[in-house]
2 protein chains.
Amino acid sequence: MAKMIRKNYLMAPGPTPVPTDILLEGAKDTIHHRTPQYLEIQKKAIDGCQYLFQTKQPVYILSSSGSGAMEAAVANLINPGDKAISVNSGKFGERWGDLCRAFEADLDEIKLEWGSMVKPEQIKEALEKNPDTKAVFTTLSETSTGTIHPIKEIAEIVKDYEAILVVDAISGLLAQPLKMDEWGIDVVVTGVQKGFMMPPGIGLISASEKAMKVINENKNNKYYFDLKAYAKKYPDSPWTPPINLVYQLAKSVELLQEETIEGLWERHELMAKATRKAMEAMGLELFAENPGNVLTSIKVPEVVDGKKIVSFLRDNWGVTFAGGQEHLKGKIIRIAHLGYMSQFDVIIGISALEMGLKKFGYDLELGSGVKAAEEVFIKAGV
Amino acid sequence: MAKMIRKNYLMAPGPTPVPTDILLEGAKDTIHHRTPQYLEIQKKAIDGCQYLFQTKQPVYILSSSGSGAMEAAVANLINPGDKAISVNSGKFGERWGDLCRAFEADLDEIKLEWGSMVKPEQIKEALEKNPDTKAVFTTLSETSTGTIHPIKEIAEIVKDYEAILVVDAISGLLAQPLKMDEWGIDVVVTGVQKGFMMPPGIGLISASEKAMKVINENKNNKYYFDLKAYAKKYPDSPWTPPINLVYQLAKSVELLQEETIEGLWERHELMAKATRKAMEAMGLELFAENPGNVLTSIKVPEVVDGKKIVSFLRDNWGVTFAGGQEHLKGKIIRIAHLGYMSQFDVIIGISALEMGLKKFGYDLELGSGVKAAEEVFIKAGV
């Protein structure tokens, strides 16, 4: 068996590949965070985040993963006994439920089959049932399935109620359109190891004025994630910020701003389209009801062992796709096209899948997926 | 026109991609070179080079490009008026001629059409004509065309004469089999920005005992490249060595030794085979008479502007192939599969060429090249 040299291709929906220019920022001298020099870097990072969130509101930098930012949203909005609505159509929608229960919300969880999309009417019904709901917790891109939820339409509905609309945009932001202020989203949370092309370690959260009123009145037990502390110190940090990660964030937003938010959406849309066309050409079935720009999930063909092929591609060819989570283990493969990726990353992913599926006994025409993707790129005039 | 994020793919026959593990070695503290600590690193680099040259002779580290190592060979072997033979079937064979003339050799230059391979009998004839020839200058892989010369067979011939056999293995070493001691090659020169997966800046040269006798008697004017000075200080350096590049070289040989020399040859052979099969499937004609493992050169189809397509791929898609040199400008494209590359780099190169040729008016079936390459990789059990 001939051996190739090992290269690593991160094609899971986070962490995503990190450009050397961003990696090297993390290798710069750590300076003290209570200095004007540091604050200037943090301000640059925040300015960029505001643009990328499409908001004029403050964006708070948390030394945490995206889940920390999710906890911050719940802990700052929900008092024990408060009514909340959450959408659960996958692992990360489920996490909103877990968080709400941990903080003793009176929760109305809209449970859907994993992979399906919530209908805006379902949110409306839930709000009609409980007009005094404190917050609605939703997900832009459900990372466990690849489904995109109709956030813009949901925001249209929620704005007529007192409820605060919270969006987990952890994997979705930058890949999938989201305009926080224009759409009227109250709270957006994200993490940087996805579209921001960074190593993990920073959670980001922004809150509308409507949300800040609720946050200021909230009595829940909390300290580290208390957004009032962040607001008081803003644009500085209440606790020690992850200094070298903030250097990287400042570099990341510089690169992302150069590309423009519309350019980011367009690039991700095109990579997603090329991937979907390739999957269809390879005779594969898409899993998500409303697949988006973050990742493409496919049903593993019956003849193929879905767990083994994912391990094989990672351990032997260095290509890291994500398999399914929970009851979807072995049933789906998730191919990310997120962050620091171009047309050739898409081609690598497709070619790896073509060769991998063939090896695992699935009958397909080699090159057919790549051909379909190339046609999409050529047609788009890349 | 949709825009992708910029990534760079070095697919020219040098410089080649550098792994981060090697790049980071260059960022370590520069220590003094006249210390036991430094010497230990240099020794490790040299040990590895001896294995990779397949020789027990010293390998000298020059602070120079590969051309510097070529000059060292000529300057140390040729006195003015000495007879020499060189093979010129491309830009780098021509360079041997230029160097021999610069050092006033009495030169018999075997001029062949660019792209063709020298026949061992042609070397024999030239030696029979001038049995007192001091040195024969040859090229393992003629980088300007992709042709491999039959060095093993040439060595069989030259060893019956007094002449010193010199091989430019700058692009060929590690990709193409070469066994210095076993084959009886007297002088091997190379540079590190090819198979060694390093940034440029180090030339390497090794000489047999037979060659060292000639070198020790040589009276030519020289100083910087005087190999007697290197031999005297060995394994230390006579002048300041490129310290941080030597750190990188020590790391490079570590990685290459792990892969083993046979593994390196096999990997390059397979990448070359996959590329050639892809080119054939795309209806393209190979240029070199005896194409090897370093690069694949193809004739540019008549409908395509050979200069424009190379610039376009580099400037727009970040894919750097090499065009033709001198009279081959615009006529050929050279696709390297050299150094830090795997099956997916080959796929990227082919896909870029498929899309590029289509864009420039050449009629081909998209995906056909990728399919052919995938078949080669699958068959080889990668």
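In what follows, every chain begins at residue 1, and chains take the letters A, B, ... in the order their sequences are listed.
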**Student:** Would you name the heavy atoms of A169(B) and L178(B) that are closest together and state the gap between them?
**Tutor:** CB-CD1, 4.2 Å
**Student:** Quick check: closest heavy atoms across F196(B) and C49(B), and the distance to 0.1 Å?
**Tutor:** CE2-SG, 4.2 Å
**Student:** To the nearest 0.5 angstrom, please state how far the NZ atom of K273(B) sits from the NZ atom of K277(B).
**Tutor:** 6.5 Å
**Student:** From I261(A) CD1 over to Y51(A) OH, what is the distance, rounded to the nearest 0.5 angstrom?
**Tutor:**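 OH of Y51(A) is found 6.0 Å from CD1 of I261(A).
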**Student:** Can you see which heavy atom on A175(A) is nearest to which on L338(A), and at what distance?
**Tutor:**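 Heavy-atom minimum between the residues: CB-CD1, 3.8 Å.
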**Student:** For L270(B), which atoms come within 4.5 Å of any heavy atom of chain A: side chain, backbone, both, or neither?
**Tutor:** side chain
**Student:** Grab the two heavy atoms, one from K358(B) and one from D363(B), that are nearest each other, plus how far apart they are.
**Tutor:** NZ-OD1, 4.4 Å
**Student:** For chain B, which residues from residues 7-26 of chain A have at least one heavy atom closer than 4.5 Å to it?
**Tutor:** K7(A), Y9(A)
**Student:** What do you reckon, is CD of E302(A) surrounded by more than 12 foreign heavy atoms closer than 6.0 Å?
**Tutor:**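 Counting neighbours around CD of E302(A), 12 or fewer heavy atoms of other residues, nucleotides or ligands fall under 6.0 Å, so no.
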**Student:** Taking non-hydrogen atoms and a cut-off under 4.5 angstrom, which of residues 366-379 of chain B neighbour chain A?
**Tutor:** L366(B), G367(B), V370(B), K371(B), E374(B), E375(B), F377(B), I378(B)
**Student:** With rounding to the nearest 0.5 angstrom, report the CD1 to CG distance, I309(A) to L357(A).
**Tutor:** 4.0 Å
**Student:** Let's test your reading of the structure: which of M355(A), E354(A), H268(A), R6(A) forms the most heavy-atom pairs below 4.5 Å with chain B?
**Tutor:**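 Most heavy-atom pairs under 4.5 Å with chain B: M355(A).
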**Student:** For the CG atom on D315(A), are there more than 12 heavy atoms of other groups (residues, nucleotides or ligands in this structure) within a distance under 6.0 Å?
**Tutor:**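 Counting neighbours around CG of D315(A), more than 12 heavy atoms of other residues, nucleotides or ligands fall under 6.0 Å, so yes.
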**Student:** Could you report the tightest heavy-atom contact between Q176(A) and W265(A), atom names first, then the distance?
**Tutor:**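 Where Q176(A) meets W265(A) most closely, the heavy atoms are O-NE1, 3.6 Å.
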**Student:** Which value, rounded to the nearest 0.5 Å, describes the distance between K3(A) atom NZ and N316(A) atom CG?
**Tutor:**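 Reported value, rounded in 0.5 Å steps: 9.0 Å.
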**Student:** Considering heavy atoms only, which positions within residues 242-259 of chain B lie below 4.5 Å of chain A?
**Tutor:** E259(B)
**Student:** Return the set of residues passing side chain to side chain donor-acceptor pair (under 3.5 Å) with T296(A) (not counting sequence neighbours), or none when no residue passes.
**Tutor:** H337(A)
**Student:** Examine whether an atom of E269(B) lies under 4.5 Å from a heavy atom of chain A, and if so say whether it belongs to the side chain, the backbone or both; otherwise answer neither.
**Tutor:** neither
**Student:** Return the CG to CH2 distance between L353(B) and W317(B), rounded to the nearest 0.5 Å.
**Tutor:**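 CH2 of W317(B) is found 9.5 Å from CG of L353(B).
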**Student:** Shortest non-hydrogen contact from R267(B) to I5(A)?
**Tutor:**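 Taking R267(B) first and I5(A) second, the nearest heavy atoms are CD-N, 3.2 Å.
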